[in-house]
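Presented below is the structure to which this report refers.
What's counted below: heavy atoms across the whole structure, side chains too, no hydrogens, waters or symmetry copies. Sequence positions, counted from 1, serve as the residue numbers for this chain. Predicted, not measured: the structure shown is a model, and the values here were computed from it.
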Amino acid sequence: MTHLSVEMLAADAAEPITTAGHAQLGIAVLAGIAVIVLLITKFKLHAFLSLIIGSLVLGAVAGAPLDKTVTSFSAGLGTTVAGTGVLIALGAVLGRLLADSGGADQIVDTILAKAGRKAMPWAMVLIAGIVGLPIFFEVGIVLLIPVVLLVAKRGNFSLMRIGIPALAGLSVMHGLIPPHPGPLVAIDAVGANLGVTLALGVVVAIPTAIIAGPVFSRYAARWVDIQPPENLVPERASDDLEKRPGFGITVATVLLPVVMMLAKALVDIVVDNPGHQVQKVFDVIGSPLIALLTAVIVAMFTLGRAAGFTRGRIAATVEKSLGPIAGVLLIVGAGGGFKQTLVDAGVGQMIMDVSKGWHLSALLLAWLIAVTIRLATGSATVATISAAGLVAPLAAEMSTPHAALLVLAIGSGSLFFSHVNDAGFWLVKEYFGMDVGQTLKTWSVMETLISVVGIVCVLLLSLVL
């Protein structure tokens, strides 16, 4: 299937699953999303509570009985947490072991030692890509900020020349590559293959990170020429450690789950026989749960023990990693509930029916929906979850590669133009010592570049797959 339009996907669509008309459903969607946006932005209510209330409003305006709306939301929340919650938790454990053992610092120091002055921006995007693979965006910023500030100061670089590549690498990983929460939820919602999505995500991520990182940093450094703030250099995790794991074993540990999941995708393509013994073995080995669990267990030895951690300290590190992700899990779960409420109300079917004559690529439609929700809420995760719920029916007739591209289109849209309603905007602003205008000209433009280049790469891949 070389090109999927909304019109083609809607041709054989089933009847809507509710009796509500398109106008009523459209109003219900707008009301639900408007309530979520208003509660998050105006009243500063936690996204978890906002998504619950928005789901109830959506069901009520759509004319669904309250008990059925509650059932839909609860089912979606449970399914999402069951499908992605464990993976998010395992990713958090792996990220904490990487940080606390000094493994992240070892990757950073080794690559920087090998990079010359001209290659430094490229080294920063590479470091961010590797370190950002298993950890959340905010954690990645905290890990890399000391390095960014130190490199910029010692090498007399503009802070933007070093900082933008690092931010681009982290942001691309966050929006496009599992096991980050957004991509995982989108994969689950549209029924995409995780291994194929991961492989195509890497293909999209590389040129996107290059253009939004080292290339754009040249212009960002001219627009905003600032020096590293003296008082914002936090201590690094490994400063108090007597030893830390080696570079090779650290990189191998971080990439282990990726290799396992990609191996499954490769076997699926080559063997293409569900009953074949080899494929059965790799279905287990390459499942996200087994891949991440294996990486966590391996990391306890290759990272924790290599840093001299006792069993007690490893256990404490694992426990410490789970607390901070409670909010993320609740938001993702509530987002899954909102998605299921959309589905059960027949909103996906409505979109297919209404968009029959648009002659618009389903991938572009998914991107536009994610962009709209991102601009309104400021949350990439909320944008991904909501957009995935809205366009999930479009994936029903898609081939495996195109379903994966749908996930990447949503992920790209979820990163569009971070501004004042995004917590990441303020995090970057404060760490880099910029004012609002400078942050808009650098960070916000960089995020927009990632989104636009990402969807362009996705659309180009859709023409050849």
Side-chain angles (χ1 to χ4, degrees), residues 34 36-47 50 121 124-125 128 132 136-149 151-153 157-172 174-175 182 208-209 211-234 327 331 370-383 412-454:
I36 293 170
V37 171
L38 192 63
L39 291 175
I40 292 175
T41 58
K42 177 71 173 177
F43 296 99
K44 308 302 179 187
L45 193 64
H46 194 276
S50 302
M124 292 307 302
V125 76
F136 297 126
F137 176 78
E138 291 81 0
V139 178
I141 286 186
V142 173
L143 279 175
L144 289 182
I145 284 301
V147 180
V148 169
L149 298 179
V151 170
K153 184 176 180 181
F157 289 100
S158 164
L159 185 54
M160 291 299 99
R161 191 73 175 107
I162 300 300
I164 287 294
L167 292 173
L170 287 174
S171 190
V172 167
H174 172 69
T208 302
I211 292 172
V215 174
F216 172 64
S217 70
R218 290 178 176 272
Y219 302 94
R222 295 174 191 168
W223 299 342
V224 179
D225 186 11
I226 57 175
Q227 297 303 313
E230 294 287 343
N231 61 335
L232 291 179
V233 184
I331 292 171
V371 164
T372 302
I373 299 172
R374 159 69 159 179
L375 288 173
T377 66
S379 170
T381 303
V382 172
S412 297
S414 75
L415 298 174
F416 191 89
F417 195 72
S418 163
H419 59 98
V420 294
N421 63 354
D422 177 19
F425 177 92
W426 299 103
L427 188 65
V428 171
K429 173 188 175 298
E430 294 303 318
Y431 263 130
F432 283 71
M434 296 187 289
D435 59 35
V436 170
Q438 291 173 326
T439 311
L440 286 170
K441 287 191 289 186
T442 53
W443 161 255
S444 299
V445 173
M446 182 208 77
E447 287 283 89
T448 305
L449 265 178
I450 291 174
S451 183
V452 173
V453 175

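Two residues are said to be in side-chain contact when any heavy atoms from C-beta on lie closer than 4.5 Å; F417 and L440 meet this criterion. A 4.5 Å side-chain heavy-atom check between T439 and H419 finds every atom pair outside the cut-off. The shortest distance between side-chain heavy atoms of V148 and F432 falls below 4.5 Å. A heavy-atom distance below 4.5 Å is not found between the side chains of L39 and H46.
One finds the OG1 atom of T448 at 8.0 Å from the CG atom of L375 (value rounded to the nearest 0.5 Å). To the nearest 0.5 Å, atoms OG (S451) and CG (L415) are separated by 6.5 Å.
Partner of I450 under the side-chain contact (heavy atoms from CB on, under 4.5 Å) criterion, chosen from V445, I211, T208: T208.
Closest non-hydrogen pair, A152 versus L159, comes out as CB-CD1, 4.0 Å. What you find for S414 and A370 is that their closest heavy atoms are N-CB, 3.8 Å.
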Under 3.5 Å, which donor-acceptor pairs link side chains of residues 160-171 to any protein atom two or more places apart or in another chain?
from: R161; atom 1: NH1; to: P214; atom 2: O; distance (Å): 3.0
from: R161; atom 1: NH1; to: S217; atom 2: OG; distance (Å): 2.5
from: S171; atom 1: OG; to: E447; atom 2: OE1; distance (Å): 2.4
from: S171; atom 1: OG; to: E447; atom 2: OE2; distance (Å): 3.4

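The closest side-chain donor-acceptor pair between W443 and S418 falls under 3.5 angstrom.
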